[in-house]
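Numbers restart at 1 for each chain; the letters A, B, ... are given by sequence-line order, proteins then strands.
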Amino acid sequence: MNTSFDVSDDIDIAWCPGCGNFSILSTLKKTLADLNIKSRQVVMVSGIGQAAKIPQYFKTNYFNGLHGRALPAATAIKAVNPSLTVIAESGDGDMYGEGGNHFIHTIRRNPDITNIVHNNMVYGLTKGQASPTSQRGFNTPVQVDGVILEPFNPLAVALSLDASFVARAYAADQKQTKTILTKAIQHEGYSLVDILQPCVSFNKVNTYEWYKKHTEYIKDHNVSDKQKALHLALQTDPLLLGIIYQNKEKQTFETMHPIYEREQTPLIKRSYNSEVVKQIIKSYH
Amino acid sequence: MNTSFDVSDDIDIAWCPGCGNFSILSTLKKTLADLNIKSRQVVMVSGIGQAAKIPQYFKTNYFNGLHGRALPAATAIKAVNPSLTVIAESGDGDMYGEGGNHFIHTIRRNPDITNIVHNNMVYGLTKGQASPTSQRGFNTPVQVDGVILEPFNPLAVALSLDASFVARAYAADQKQTKTILTKAIQHEGYSLVDILQPCVSFNKVNTYEWYKKHTEYIKDHNVSDKQKALHLALQTDPLLLGIIYQNKEKQTFETMHPIYEREQTPLIKRSYNSEVVKQIIKSYH
Amino acid sequence: MRSENQDISIIIAGEAGQGIQSVEQLFVTLLHHMNYYVFSTKEYMSRVRGGSNSTEIRASLLPVNSFVDRIDILIILDEKAFDHVSHRVTDDTIIIGDDRMVSNISHPHVFSFDFTGSAKKIGNLVYANTIAIGLLASLFHISSKELQEHITSFFSSKSKQIIDDNIQAMHKGISFAQTLISSIQIPEKIKNDLNNTNSLLLLNGTQAIGLGALAGGVNFISSYPMSPSTGVLTFLASNGKKTNVFVEQAEDEIAAINMAVGAWYAGARALVTTSGGGFALMGEGLSLAAMTETPIVVHIAQRPGPATGLPTRTEQGDLQLALHTGHGEFPRLIYAPGTLQEGFFLTKRSFDLADRYQIPVILLSDQYFVDSKYQTSSFLDLDKKPTHHIVKTTEHYKRYENNISGVSPRGIPGYGSGYVCVDSDEHDEAGRITENSDVRKQMVEKRLRKMQQIRKQSIPPTLYGSAQYETLLIGWGSTVHTIEEARKQMDKEKISFLHFSQVYPLHPKTKTYLKKANRIITIENNATAQFDQVLLEETGISADAHILQFTGHPFSVETLLQKIPETIQALEEE
Amino acid sequence: MRSENQDISIIIAGEAGQGIQSVEQLFVTLLHHMNYYVFSTKEYMSRVRGGSNSTEIRASLLPVNSFVDRIDILIILDEKAFDHVSHRVTDDTIIIGDDRMVSNISHPHVFSFDFTGSAKKIGNLVYANTIAIGLLASLFHISSKELQEHITSFFSSKSKQIIDDNIQAMHKGISFAQTLISSIQIPEKIKNDLNNTNSLLLLNGTQAIGLGALAGGVNFISSYPMSPSTGVLTFLASNGKKTNVFVEQAEDEIAAINMAVGAWYAGARALVTTSGGGFALMGEGLSLAAMTETPIVVHIAQRPGPATGLPTRTEQGDLQLALHTGHGEFPRLIYAPGTLQEGFFLTKRSFDLADRYQIPVILLSDQYFVDSKYQTSSFLDLDKKPTHHIVKTTEHYKRYENNISGVSPRGIPGYGSGYVCVDSDEHDEAGRITENSDVRKQMVEKRLRKMQQIRKQSIPPTLYGSAQYETLLIGWGSTVHTIEEARKQMDKEKISFLHFSQVYPLHPKTKTYLKKANRIITIENNATAQFDQVLLEETGISADAHILQFTGHPFSVETLLQKIPETIQALEEE
Ligand SMILES: Cc1ncc(C[n+]2csc(CCOP(=O)(O)OP(=O)(O)O)c2C)c(N)n1
Ligand SMILES: Cc1ncc(C[n+]2csc(CCOP(=O)(O)OP(=O)(O)O)c2C)c(N)n1
Ligand code: SF4
Ligand code: SF4
Ligand SMILES: [Mg+2]
Ligand SMILES: [Mg+2]
């Protein structure tokens, strides 16, 4: 299917055949296109990794920054120009490992950005080391005797930080993933969509088959029930899919910030006022 | 009261008169002394800030490192010499702000260290900016219109990361704080003790009086009930005090690590074996 | 007190939290309004209460702007204060303090008053500060009426009770002064004429930089608190709403610089303020700005390292760090303002050149610079709006169009019909990742090519003294006034002083200046003569000797008056 | 194929994930065991599958250890492969590939075989690799018996089915080879004598560094994965249990270096491995090591920057970063191994000197170094246990005792009756925070004083060629063999080559070498001649010209054979 976000050229996609990233790419394109968002108003912000290459395959603006540092850049971009649709997208190592501190504090800010994490439970680009979400016992060239650390639970952590939108999706299920992404993008405030993504090259444990067996969609859940959401998030087998929590009331970073309290004109559209500066200087006389 | 941890000299303590840090200092000294821990076997690891000066006032080994970086150093110290008692202690800005990523991932490791955080809800040493735990609306020279970020909830985050020991204490209550610290130090594994600490110079909101009104000890709680613990941790008024969670079964980083799987001799006591190295070299012939 | 001085140096010494800062603020503005030239600088410990801090206030009939060791009047606010500054006390010093605090001092000119008792009687210990001000003001020929007006306006936001108490304290001070007046010769204030100090601004380095940033069109600052750089953040926070500056305290320095790069990308003019330790965390972010050719301005207020070092003190120890940090190779520009004018204009210029050349610009100040206050002429030429070098994109816009200058027209997302794609990996003109080695080579050359134009925009060093010199003193950044005050006093000896406010790249004239000298001495507040290395790299010429100080304190005029001749002599003897 | 060569250069080109790596590994060891000298190096894209990668294998009767552009035999594994390397193909090149992949190539020596079809018939596409090996081995006079033994032992951990299939594939390759043998002149392997290659080690730079670390007593490594440095981490992970190395993957680079500093503090010997971007995050940690005088060893495998740059390629662009990063002023030592022997011994030495002087030691390699494999004589002198410079503390132990050398005896916690207190703030001899300016001064001097002894331990540069030279080529780190191979071919022309494996501080002899030259040319894999700046700073002499390459690829012998005379000529014409 063609979308307005397709890169017209015959582009060479650097992912492995069969990788879960392809589904995420096409699902996200379709989601944005169906939401009628103009590609020129979108900025995709990513870090470094296999997942983080995704903006390369989009016809849109992008800021492909440093490993682990997508969120601060995305927050700032949205802050100076709230009229943009900002998506911060990277891998699990990038967002929860190197970028862990930004993950925490961005959630505290609640900027109106969508945070999509391709969670393949492994470091793909650097060839197969454990990521924060790797499961116990996972063997790698570094973790030769298997991972001994507690896997990072992004949903539970996000909830404990009072994230305003928290969801888990599964890459291969494009239909449901699209529904989740649609709601995430529409959500006003920070939204986390952790997408389980099979890595066919380096994760021979958490395969397509594994996910089929070990995931399940949430049923009959009131997404505004945080206590219950936490309960569901802590569940690890099966991993629950769907929107686990949403708080539509929470004010965003941009609307709360003093700069936008009285005036909503995007910062970059406001013009320099030499009189005000002169007045401040005068106060030092 | 004198303890074996007192610095004999007439030391000039750099804290403000009336600061909650003094109680923490004397409580911790008493706790260690009463636990009969030898001061030469203790390493206090801290970052930078007012709280982080605490090792200066102890007669013991210390590693007063960088702002935000106490936990990685502490983890490594314990890893190479598990016979030491390692305490990582700093302020809220240090541990949850600059050091946030280490906070997350240290919990995942579960090293047998005690993490004490002097939580005064403000940056003391740098003169009063908001810290991650500052409450909404808190005015500072940087947050001139008040804090707009969601306060960081260290207990909830720690629980969502499956920390094996999580507690909150109140500096001014030395007796209960001592009980909590005792259990935290005795706990085998990572223990978090977030200590509410009045800052008389820069936090005029969360004062001694405020804490009296807004804290309460947990009653009738089974500390191994994690779901309930999370429920209690999410409660913000009153802030609950006491041990909120403990998991005595969880294996520590050191015991799980391949290096200590078969042999328990501390790493630094093992000697270099040139034969093994020569054999490895030989394999390249 | 030595009477030959046209200026008086007052030191107020006491503990943190005792109110030295407000004495300084109140008294310095008062002197300013009363037509004295003033200078003040502080040294303080890394703690909130207690310890030993001091502030120097110089008042003069001629402009003053540098630190001297000399103490004409010493005001002592606690027991430890005298020991703290005693190495600077001479027989001419006049020492004033509370009975309790000066009783043990054996010195010909000790004057004790019952500051504490009187303050308590008025109602609060803090009034001791106002008593001291009353006393000092009297000595400076300031009438009680003038003083009262000043105090009233200073405390105008406080209750009537507080104002009244302060005035009562002030009178107490005035009465104390009577016993002193005969012992102290204070020059009378400048007669009111066109040259009076009221036409001047009174401000410190932090404020000069903050105002320069505003004039440079800053509208975003993301930073993490760190002494002594935090002042710039709080300055913008307090002025931010009326000037449209988005102020955000980041969770760490890495977030700070990545936010700033993001903000510039989206069209803002962002600033980051930090000190050496924070900057040491920003190397990767700086490299990102360079690779994506996104402008960035970073202010580093230096303090002594390594590591945490001396958090509240001064040093010029991070020049080589600023010059070389960030992995990979890319152009950059480093300013090190010395005067307040430079603080203002170079900050403003940082934004212009960062924007114009899409490069990192680093502003290197230090604790001494940011915390020193004096008068300077008003900042002019403020009507011109800062030029934003941003283009409206067209449909086939390429962010990294490879042109002769190396500076590709910069678009921002959402403005125009093109896409703005920037990449941290090596990329082609469109901003997409490439591993093509020809494109790689072209892109490296494109980025480095900008350096040619940046060099052309270099600020030349300022020569103080005659163009005919034998000895050339070289300084950079905050030491300008101190070196110049010392040099002036040695004027006859064919010594000139060359000051650099742009420390990289150096203006081509530099070499000419260096070649003319028989001997070159760099004077630096560090241990390894870092600027001399820049001189060598940029001109092939290096200094014959260095005067270095790395105690955490700024040079004093006296130290230089001693070291400069010593160094010249040593060179002559070689 | 040009027959004058005593060595054959084989290139295998294909996509990531096709098995080039295993062909390389299998075939290179085979050649090694069959008494050929071998060299191999790879270039690969930053992706896991697809794209275009290639590996060069040189086989020779004389030692070979550098990269050449020349392709004698090209094995093509996918459709894009030929285009990827075609600029290196000459009329003498022999091109071998699957029918489908070579059919469009117009070239005099194209040989097509049904690799794919045959492999599929055997049961799996990957057997195409073994077919290629069978073919190549035949050309190299390796008997099917020898080959079969090798393959069997290589796949010994696999099932019998797999081994059998591989042997079948091998035979297929041998039969393919028959049509080729007449067109290709391959020198016969070295006769078995004492000088045979079996007495040598065959390994790459990563392994040399890893083994050097083990010999240096490493027992802790904390790192964050980053190409091309990760190999050292996985090397230690795979050997860690038997050698008592505590291996930990850190959550980020800041944790990595702070863990390593903590580990040294507690008595371990810790290593950190990273690349430029990761190292740019470690500046503060390095400064911490320096301030606390805790040893630290950091390995940086350089790759092209700025920012993410070209993640899997090579460059020497981080020398100035290594030299100047970390805020504040402190001593450091930087090695840049060129040969594998240097890789091993300088890594070992890094631990010894870091420990001895309590300073940061940086090992600067690059992708070309870590990924290049060849033979080297065995590493000797391994019986001596590494000396740990650790003292048992006594009751009044002071961590920072200020002595003549500046190196205070280092205790560790829990060992002895003293306390080991280290501080990131400026501290007194006991390790407690101080703001005393005299102590500050003494401590700065104490730390910097160590540099004198470190200088005395400097490794002198190695001179290749005659001591009577007109032109002096200068190189550092990984370029050693390539420059030397090129120089040898121009031997008559009074050109010598000076190679630095210690790049800071420089050995005092350096100046003598430089002074003797009529012209100095630095050859560097970067764009700004970073080592020339070090030369200038350290000796006052800088090069007359530079040969620079910053495409992400290593120099080839051919490039240098062209550039060196060109550069000399340009200098003569000046
Ligand atoms: C500062 C820094 N450290 C390390 C790297 C190397 N690196 C690149 S991608 C990556 C991890 C990728 O894992 P993840 O984020 O899970 O993405 P994936 O490839 O699995 O999609 C690492 C460690 C880097 N580019 N920068
Ligand atoms: C890398 C770095 N950034 C910033 C600082 C400055 N700094 C020192 S202490 C501190 C915050 C202190 O707050 P907290 O950790 O809450 O401790 P407190 O003083 O309140 O006890 C900051 C920002 C630093 N030393 N290093
Ligand atoms: S390495 Fe894994 S995550 Fe990366 S492209 Fe291949 S399959 Fe996908
Ligand atoms: S500033 Fe606050 S936290 Fe620091 S010593 Fe003073 S009262 Fe305590
Ligand atoms: Mg991943
Ligand atoms: Mg605090």
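By the 4.5 Å heavy-atom criterion applied to side chains, A/Phe202 and D/Val48 are counted as neighbours. For the pair D/Val247/A/Gln143, no side-chain contact is recorded, criterion being any heavy-atom separation below 4.5 Å from C-beta on. Using a 4.5 Å heavy-atom cutoff, the side chains of A/Phe152 and D/Glu251 are not in contact. Considering only heavy atoms from C-beta on, A/Lys127 stays 4.5 Å or farther from D/Thr230 through its side chain.
At a 4.5 Å heavy-atom cutoff, the contact between A/Leu149 and chain D is made by side-chain atoms alone. Neither the backbone nor the side chain of A/Tyr96 comes within less than 4.5 Å of any heavy atom in chain D. Contacts of A/Val142 with chain D are made by both backbone and side-chain atoms, with heavy-atom separations under 4.5 Å. Of the two parts of D/Glu253, the backbone and the side chain both hold a non-hydrogen atom closer than 4.5 Å to a non-hydrogen atom of chain A. With a threshold of 4.5 angstrom between heavy atoms, A/Asn64 does not approach chain D through any atom at all. With a 4.5 Å cut-off on non-hydrogen atoms, D/Leu281 touches chain A through its side chain but not through its backbone.
Pairing each heavy atom of D/Ser46 with each of A/Lys53, the nearest pair is O-NZ, 2.7 Å. The shortest non-hydrogen separation linking D/Ser227 to A/Thr126 is OG-CG2, 4.3 Å. When every heavy atom of D/Ala237 is checked against every heavy atom of A/Val144, the shortest pair comes out as O-CG2, 3.5 Å.
Classification of A/Asp12 and D/Arg47 as a salt-bridged pair holds, one side-chain N sitting under 4.0 Å from a carboxylate O.
The environment of CG in D/Asn104 is sparse: at most 12 heavy-atom neighbours from other residues, nucleotides or ligands sit within 6.0 Å.
Per-residue counts of heavy-atom pairs under 4.5 Å with chain D were compared for A/Gly93, A/Ala130, A/Pro17, A/Gly99; the largest is that of A/Ala130.
Taking CD of A/Glu98 as the start and CD1 of D/Ile254 as the end, the distance is 7.5 Å to the nearest 0.5 Å. If you take CD on D/Gln249 and CD on A/Gln129, they are separated by 6.0 Å, rounding to the nearest 0.5 Å.
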